[in-house]
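When a ligand or atom number is given, it counts from 1 through the structure's own listing order. Atom set for the values below is all heavy atoms of this structure, side chains included, hydrogens, waters and symmetry mates excluded.
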Amino acid sequence: MTTEVAPQEGVPGRVPDQVLRIEDLAVHFGGIKAVDGITLGLERGLISGILGPNGSGKSTLLGAVTRLTPLTRGSMHFEGRDFSGVQPEQVARLGIGRTFQTVRLLDDLTVHENVELGHDLIAGPRRWWRRVDSTERDAAEAAVRTALERTGLDGKEKLRPGQLSYGLQRRVEIARAIVMSPKLLLLDEPTAGMNRFEREEIGGLMSDLRSEGLTQLIVEHDVQMMVDVCDHLFAMNSGQLIASGSPADVVRDPAVREAYLGKQDNDDRDS
Ligand SMILES: Nc1ncnc2c1ncn2[C@@H]1O[C@H](COP(=O)(O)OP(=O)(O)OP(=O)(O)O)[C@@H](O)[C@H]1O
């Protein structure tokens, strides 16, 4: 354990090995402090989650990490490299994959073609070379096949998104995000709009990806799922980090309960 890492940021007994490190990150929109001084680290191989009520800054934080949102201040290191200044299209090439709050698949393309797009997005010039070079073509095909298998989509590759359940469409998005073997996968509300069965399936997929060593960061409103799936939780409120630790500790934290879980408890009882 190094002294630079605050004790609440690690898992007890583990030597921190952080894929992503964020220091004093702030994103202000005029007078709105959407993110205001966040410092955190994501440990390699674990699933970390961000909890927080609506408007607490979770999506803005993901937007900053994917470089879609300009920073007001702070720094971000991925695998030890400062990437605060890179362009959004370079983020995927660094090894950060993501899915979005709403499903963004191309309806005219098959499942296979949608996943292939994720490969082409970061293969750069090689995607053109693939048309004439059989080695590149085979490598791309192997990557797509592996992504489809890892997400349990074998046999569905010729279907179009509209022929799939919502849960399966989410899987296609995850396949598209992992097709180039990212080192970090960001999942923005991956179970929004799903029934309990579909939510459990997605939770199972995340656990499978974790057992393959993929580091994941999830933003999600389903607290039970976060507790079940995550190794570590961060809680945000009003753009700030109000808790960080094991899921059990974070959901018991009085500040978290006041900011978020008290309301969520009531919501859960009502549903
Ligand atoms: N582009 C923007 N311009 C101005 N204000 C913004 C912008 N994006 C977000 N905000 C504001 O920043 C704050 C944080 O929003 P953000 O969407 O990050 O919260 P969130 O925790 O992801 O919420 P939700 O759970 O509802 O998705 C909110 O007050 C929001 O209105």
Listed by chain and number, what are the salt bridge (charged side-chain N to carboxylate O under 4.0 Å, His left out) partners of Asp82, not counting sequence neighbours? none
Is any side-chain heavy atom of Met206 closer than 4.5 Å to one of Pro190? yes
Non-hydrogen side-chain atoms of Phe78 and Met76 separated by less than 4.5 Å: no
Pairing residues for Glu113 by the salt bridge (charged side-chain N to carboxylate O under 4.0 Å, His left out) criterion, not counting sequence neighbours: none
Side chains of Glu141 and His119: any donor to acceptor distance under 3.5 Å? no
Show the short N or O contacts, below 3.5 Å, that ligand 1 makes with protein N or O atoms; if there are none, say 'none'.
residue	atom	partner	partner atom	Å
ligand 1	18 (O)	Thr60	N	2.9
ligand 1	18 (O)	Thr60	OG1	2.5
ligand 1	19 (O)	Gly57	N	3.1
ligand 1	21 (O)	Ser56	N	3.1
ligand 1	21 (O)	Ser56	OG	3.3
ligand 1	21 (O)	Gly57	N	3.0
ligand 1	21 (O)	Lys58	N	3.0
ligand 1	21 (O)	Lys58	NZ	2.8
ligand 1	22 (O)	Ser59	N	2.8
ligand 1	22 (O)	Ser59	OG	2.9
ligand 1	23 (O)	Gly55	N	2.8
ligand 1	25 (O)	Asn54	OD1	3.3
ligand 1	25 (O)	Lys58	NZ	2.8
ligand 1	25 (O)	His221	NE2	3.0
ligand 1	26 (O)	Asn54	OD1	3.2

Taking salt bridge (charged side-chain N to carboxylate O under 4.0 Å, His left out) as the definition, give me every residue that meets it alongside Asp249, ordered by chain and number, with sequence neighbours left out. Arg252
